[in-house]
Amino acid sequence: MPAYHPQRIETKWQQYWESRQTFRVADLVPDKPKLYILDMFPYPSGAGLHVGHPEGYTATDILCRYKRMRGYNVLHPMGWDAFGLPAEQYAIQTGTHPRITTQKNIDTFRRQIKALGFSYDWSREIDTTDPDYYKWTQWIFLQLFDTWYDPSFKWTDAEGRPRTGKGRPIAELPIPEGCADPDAYRDSKRLAYRAEVPVNWCPALGTVLANEEVIDGKSERGNHPVVRMPLKQWMLRITAYGDRLIEDLELVDWPRAIKDMQRNWVGRSEGAEVDFKIKIEHDFDNWRQARQASPWPEEIPGDVIRVYTTRPDTLFGATYMVLAPEHPLVDRITTPEQRAAVDEYRRQAAGKSDLDRTDLAKTKTGVWTGGFAVNPANGEPVPVWIADYVLMGYGTGAIMAVPAHDERDFEFAKTFGLPIRPVVSPTDSWLAAHAPEGTADPRASYDRDPGSFPEAFCEEGIAYNSRNPELVLDGKSTPDAKAAMIKWLAANRLGRKTVNYKLRDWLFSRQRYWGEPFPILLDREERPRAVDVSELPVRLPEMDDFKPSSSGKPEPPLAKAADWVNYSDAYVRETNTMPQWAGSCWYYLRYIDPKNSEHPWDPEKERYWMPVDLYVGGAEHAVLHLLYSRFWHKVLFDRGLVSTAEPFQRLVNQGMILGETEYTAYQDEQGRWVSAAIVQEREGGGFVSREGRGEARPVSPVKLPEDRVVKKGEGFVLVEDEAIRVDARAHKMSKSRGNVINPDEVIADYGADSLRLYEMFMGPLEATKPWSMKGVEGVYRFLGRAWRMIVDDRADEVTLSPQVQDVPLDADAAKVVARTIAGVTDDLEGMRFNTAISKLMEFVNVFTGRDVRPKAAMEAFTLLLSPMAPHLAEELWQVLGHDETLAYEPWPSYDPALLVDAEVEIPVQVNGKLKGRILVPAEATEAEVEAIARADEKIAAAIEGKEVRKVIVRPGKLINFVVAG
RNA sequence: GCCGAAGUGGCGGAAUGGCAGACGCGCCGGACUCAAAAUCCGGUCCCCGCAAGGGGGUGUGGGUUCGAGUCCCACCUUCGGUACCA
């Protein structure tokens, strides 16, 4: 009977922990150091827990349990990111209220997570859809609404660095003199503001779609037409924090890859804005004089095209301009002759989603407007085109095209026969490498026609062909030429230096039901006003119809709740809701003080717990969630509501868990095997084989069991025909592939401890790795061996094995124990769980081979095992005679002297090649080691008759003879 | 295309610049058993050899070093992210 029986043990200890509140954490414990270890909370989907979830959760749980035993006060909470589209779509289909679905899913997730035995403090559980939670999400939104960004505000950060730019209360915003409408001015400066933004409106579905849901201008569901139309939406001014989001990455301990991604996403670039006068009559000279005499206009005047460029040094090479099709000046500049073509092009562009315009479009398209503008550097007229390779959302939505030195402009100019004027001289090596074959004098032919080269020269170089009566760039390097051009432009009010970001302001509203309502009222002129804090939360109105609008225009479902919308005679409620990101942007703060009804969190508790010391989650959140959270946190910091500049001090990304490795062979229509080497996946699904230049023939994949394939050379082949290559690959788990592992089933078969242990034993936490049920069995067997090492498996009751005796440790045993403690401790500190487990396995392999197992060794082992397999460890601890949980037992210690051996075996090399091994005293000097090595028969033979030029001795490590001949 | 990560036995993986393959899976052999399962013991990178022993080996090609899986350069492959960002 008392074989290792995880199901019995695990429920027993889960109940024990729950009933005694073993892991409830006190807020402020002055004599203990604090540690805040956080998991990314899950979206409770209807599919239930996935084996990917427990990977990160197990890792953090191990650390928490380990750190508690080392005397830390550990905050380790869990909650639910529960707003979101699936519950709403389910509601539309079935009429079930999203709250019901969400609650059901949460209950499932909670049950599954609890079955894994994690040491969360469940009294701190939060749910983003709970009005007591979203009350504070709304409250934080009001802070954003109440804040403007002062880019010139000087302050000093916690590291003592001088900083510029800070969010300040809107009441402190200086109103410019003579401002006709101070309220409108304030509204235009808030971090939360309203703007017209195009959305993908699908009239047939009556709903607004995300970019991913639009394919080829049609809806993914139902294939209905989708149009882009402007809609008034809430935006968050994250771009104001672009520099700080980049700079403060220096303060955190995150993987370099994630920091790089964030930097790229923000995409800061330095360049210049330049104004090109629209050429209507011959008025350029007059305009220049007027410009010189007045300040730089912040608002773009109606008669100029303002462009952004990172290469102002190439302005003399700007031979045409391109506007985005949506650019407001298109109408004004288009000539009557070109009107029809321009309108048609714009109509086509409007039918394409952003993805279509970028992803699929390989060749450049565009239309001339018929209009011209004037190049401010040389006064030459340049034609103005529209093309969808210029995006309205970046820079100013207009570019100066320098085809000689920009790959996209080069391609466009060649397509439409526009002039290409070189203004940066390429290096000789570039010319030699890129000149078309047979070019006698590459430089001469480049200067004559850069278009004859296959690509543009986009690197830095020496300027030429760049002079006007006031400015000479010729001979200057690119950085010098940029500086000179910017200086000249600024002096003549034709341009100025600017910084630009790829990052756009954050579109923060959704036309959905299942999200946080905005705490905002709109007056008759649609001016926003904050709901009074005393009226928070603004609850979602009860509705039983979640269907999209039938009004024929994009309208959020909340618009149908008439009583709710009509706040008073003067005001209506905002009917958009917040995106799913909102609740997850600040949840780590609410865990600190989850029940506080007066404040989002208590400032003293915030100072105690923040920052989060370790944050673990999937890399798919590397950019958006982490960037958005950091942005909110910085606003809260600027407003004095949190004490740290960054929320997450250390970040670790767990890798993805793939399905079991699959072997796939291919058969043609006659059922003949086709080698995977000649099979290609076709776009839009299906596979074809292609032999040499032959016809592509359709083939179908066939899944093979492991014993039908064999390794040959680089890959796998069929056992019965080794000429047939077989694909061997693990795939992402997905319902459609049928390779999803359900954690409930693993727990039922092997227990939670085995699941936990296996997920940690698979490999490094950060790595992507394939699942293997055989691997689960392996760790299950290990736990069984650990059980039998301590428990008498032949007795009727669970009792201590007679081999476990209260005897002192002999020298060897003491060494094994000390080494295991040292190794496991070190591995846990470094989050190397896989090697920590292998050290425990080695320990068991040693002691199961012994007839007498000292009790002290067994106790140390049990404590070392407990963070990873807590249920089994608690049971063993009890069998070893203890009444209380081991969760707060001190972590085992050891005598460091035991790690040092008196004698060590070291390798002997001759010219770096291993020739033998010798046993030397650990304290032996270099000369002694050399003498022992020379005395060794094999070594003596290996160096006999050769000149020993040098002897390298690493005491306790190795000896290497460098010989000649 | 750009950015990032990774390439080590049949498989997952281990190795502060110092004995490559710890630990686990799988496989082979043995013990226990009437038999099987479970369990226990031994073996298992490749090649030559009965053995002792010898030789080769960490994606490819160079380099640094007494010594390279590890550091540097170039390339190849796979995975992840991103995508006309002016």
Side-chain angles (χ1 to χ4, degrees), chain A residues 3 255-261 263-265 267 269 271 307-311 314 322 354-355 357-359 361-362 364 387-391 393-402 405-409 411-412 500-504 619-620 622-623 653 655-656 658 660-661 706 709-711 714 716 728-730 732 758 761-764 766-779 781-782 784-785 788 793 832 834-842 845 848-849 905-917 938 949-952 954 957-963:
Chain A
R256 210 175 63 91
I258 302 294
K259 290 190 183 185
D260 284 349
M261 277 193 219
R263 264 185 225 109
N264 285 341
W265 194 265
S269 68
V307 302
Y308 171 73
T309 176
T310 55
R311 292 294 299 270
T314 62
V322 185
D354 283 350
L355 281 176
R357 279 174 61 167
T358 57
D359 256 18
K362 301 263 189 286
K364 298 267 180 295
D388 63 8
Y389 82 92
V390 173
L391 307 173
Y394 183 76
T396 57
I399 61 158
M400 64 178 214
V402 184
H405 306 295
D406 181 281
E407 204 51 57
R408 296 150 302 181
D409 299 344
E411 219 182 292
F412 190 82
N500 218 324
Y501 302 91
K502 278 203 298 198
L503 182 71
R504 324 262 177 96
E620 64 273 24
V623 178
N653 285 119
M656 206 187 340
L658 305 174
E660 299 242 5
T661 302
E706 209 181 333
V709 300
V710 65
K711 177 97 173 189
E714 291 288 278
F716 285 83
R729 208 164 88 81
K732 218 176 191 165
Y758 174 64
F761 189 61
M762 291 172 86
E766 296 90 335
T768 301
K769 39 211 179 274
W771 186 266
S772 157
M773 243 0 157
K774 289 282 187 194
V776 183
E777 262 174 63
V779 294
R781 279 204 286 266
F782 157 67
R785 282 209 308 285
R788 288 189 301 276
D793 65 328
R832 292 181 298 270
N834 52 337
T835 51
I837 293 166
S838 71
K839 285 173 179 111
L840 293 173
M841 288 172 167
E842 287 177 89
N845 290 344
T848 47
E905 192 188 58
I906 63 166
V908 184
Q909 295 179 341
V910 175
N911 283 346
K913 292 203 167 196
L914 181 71
K915 288 292 166 188
R917 300 183 174 88
K938 273 193 290 188
R949 288 204 178 146
K950 201 169 166 188
V951 180
I952 289 149
R954 284 290 145 108
K957 279 283 182 195
L958 147 153
I959 173 165
N960 185 14
F961 291 93
V962 184
V963 302

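When both pairing distances are held under 3.5 Å, B:A35 makes no Watson-Crick or G-U pair with any nucleotide shown. Look at B:C2: its Watson-Crick or wobble partner, with both distances under 3.5 angstrom, is B:G81. Here B:G29 sits opposite B:C41 as a Watson-Crick or G-U wobble pair (both hydrogen-bonding atom distances under 3.5 Å). Across all strands shown, B:A74 pairs with B:U60; the Watson-Crick or G-U wobble distances both stay below 3.5 Å. Under the Watson-Crick or G-U wobble criterion, with both distances below 3.5 Å, B:A14 has no partner in any strand shown.
Between A:Gly397 and A:Phe782, the residue whose closest nucleotide on RNA chain B is further toward the 5' end is A:Phe782. Between A:Arg256 and A:Thr310, the residue anchored nearer the 5' end of RNA chain B, judged by the nucleotide with its closest heavy atom, is A:Arg256.
For the P atoms, the distance linking B:G24 with B:U44 amounts to 14 Å, nearest Å. Look at the C1' atom in both B:C75 and B:G7: the space between them is 14 Å, to the nearest Å. Using P as the reference atom, B:A52 and B:C46 are 16 Å apart when rounded to the nearest Å. The gap from the P atom of B:C19 to that of B:C71 amounts to 16 Å, rounded to the nearest Å. For B:A14 and B:G53, the C1' atoms lie 28 Å apart once the distance is rounded to whole Å. Taking the P atoms as reference points, B:C79 lies 14 Å from B:U8, given to the whole Å. Nucleotides B:A6 and B:G59 are separated by 13 Å at their P atoms, to the nearest Å. The same atom, P, is picked in B:C45 and in B:C28; the two are 16 Å apart, to the nearest Å.
Rounded to an integer number of Å, the gap from A:Asn264 CG to B:U82 P is 11 Å. Look at OH on A:Tyr308: it is 8 Å from C1' on B:A86, rounded to the nearest Å. Nucleotide B:C23 holds its C1' atom 15 Å from the CZ atom of A:Arg832, rounded to whole Å. As a whole-Å value, the separation of A:Lys259 NZ from B:G81 C1' is 18 Å. Summarising the geometry, the separation between CD on A:Glu777 and P on B:G12 is reported as 18 Å, rounded to the nearest angstrom. Remark: P of B:G24 and CZ of A:Arg781 are 10 Å apart, rounded to the nearest angstrom. A straight line from CD of A:Glu407 to P of B:C2 spans 12 Å, rounded to a whole angstrom.
Using a 4.0 Å heavy-atom criterion, one finds that A:Asp260 contacts the sugar-phosphate atoms exclusively. Contact annotation for A:Gly395: no contact, since no heavy-atom pair falls under 4.0 Å across all strands. Using a 4.0 Å heavy-atom distance criterion, A:Glu905 is classed as a base contact. Within the 4.0 angstrom heavy-atom criterion, only backbone atoms of the sugar-phosphate kind lie near A:Pro764; the bases stay farther away. Across all strands shown, A:Asn834 has heavy atoms under 4.0 Å from sugar-phosphate atoms exclusively, and none from any base. Within 4.0 Å of A:Lys502, counting heavy atoms only, lies at least one base atom of the nucleic acid. Using a 4.0 Å heavy-atom cutoff across all strands shown, A:Lys839 reaches no nucleic acid atom at all. Base engagement by A:Lys957 is indicated by at least one non-hydrogen atom pair under 4.0 Å involving a base atom. Across all strands shown, A:Glu842 has heavy atoms under 4.0 Å from sugar-phosphate atoms exclusively, and none from any base. Counting non-hydrogen atoms under 4.0 angstrom, A:Ser269 reaches the backbone sugars and phosphates but no base. Residue A:Asn500 is out of contact with every strand shown, counting any heavy-atom pair closer than 4.0 Å. Among the heavy atoms of the strands lying under 4.0 Å from A:Thr309 are primed sugar atoms or P, OP1, OP2 only; no base atom is included.
Side chains of A:Val776 and A:Met773 form a contact here, defined as non-hydrogen atoms less than 4.5 Å apart. Contact check for A:Met841 versus A:Phe761: side-chain heavy atoms found under the 4.5 Å cut-off. Put simply, the side chain of A:Asp409 does not reach to within 4.5 Å of the side chain of A:Met400, judged on heavy atoms.
Side-chain nitrogen and oxygen atoms of A:Tyr394 include at least one within less than 4.0 Å of the OP1 or OP2 phosphate oxygen of B:A86. One finds no side-chain N or O of A:Lys769 lying less than 4.0 angstrom from the OP1 or OP2 phosphate oxygen of B:A6. For A:Arg785, a side-chain nitrogen or oxygen approaches OP1 or OP2 of B:G24 to under 4.0 Å. Under 4.0 angstrom from either OP1 or OP2 of B:C79 there lies at least one side-chain N or O belonging to A:Arg729. Residue A:Arg788 places at least one side-chain N or O under 4.0 Å from the OP1 or OP2 atom of B:C40. Note on A:Lys711: a side-chain N or O is less than 4.0 Å away from OP1 or OP2 of B:C11.
Side-chain atoms of A:Lys502 never come within 3.5 Å of backbone atoms of A:Ser269 as a donor-acceptor pair (strictly under, hydrogens ignored). Put simply, the side chain of A:Asp406 gets close to the backbone of A:Arg408: a donor and an acceptor are under 3.5 Å apart.
Syn is the conformation of B:G9, whose glycosidic angle sits no further than 90° from 0.
A donor-acceptor contact under 3.5 angstrom links the side-chain atoms of A:Lys364 to the base of B:C84. Counting distance only, with no hydrogens placed and no angle test, the side-chain atoms of A:Gln909 and the base atoms of B:G18 include a donor-acceptor pair under 3.5 Å.
Stacking of A:Lys364 on the aromatic ring of A:Phe412 is not recorded, the 6.0 Å distance cut-off and the 45° axial limit not both being met.
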- Message: Pair A:Gln909, A:Leu958 - check side chain to side chain contact (heavy atoms under 4.5 Å, CB included), show working.
- Response: CA-CA 8 Å; A:Gln909 295 179 341; A:Leu958 147 153; 3.6 Å; yes
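Looking at the side chain of A:Asn960, the nearest of the listed nucleotides B:A86, B:G67, B:G24 is B:G67.
With hydrogens and angles left out, the side-chain atoms of A:Arg954 and A:Asn960 include no donor and acceptor closer than 3.5 Å.
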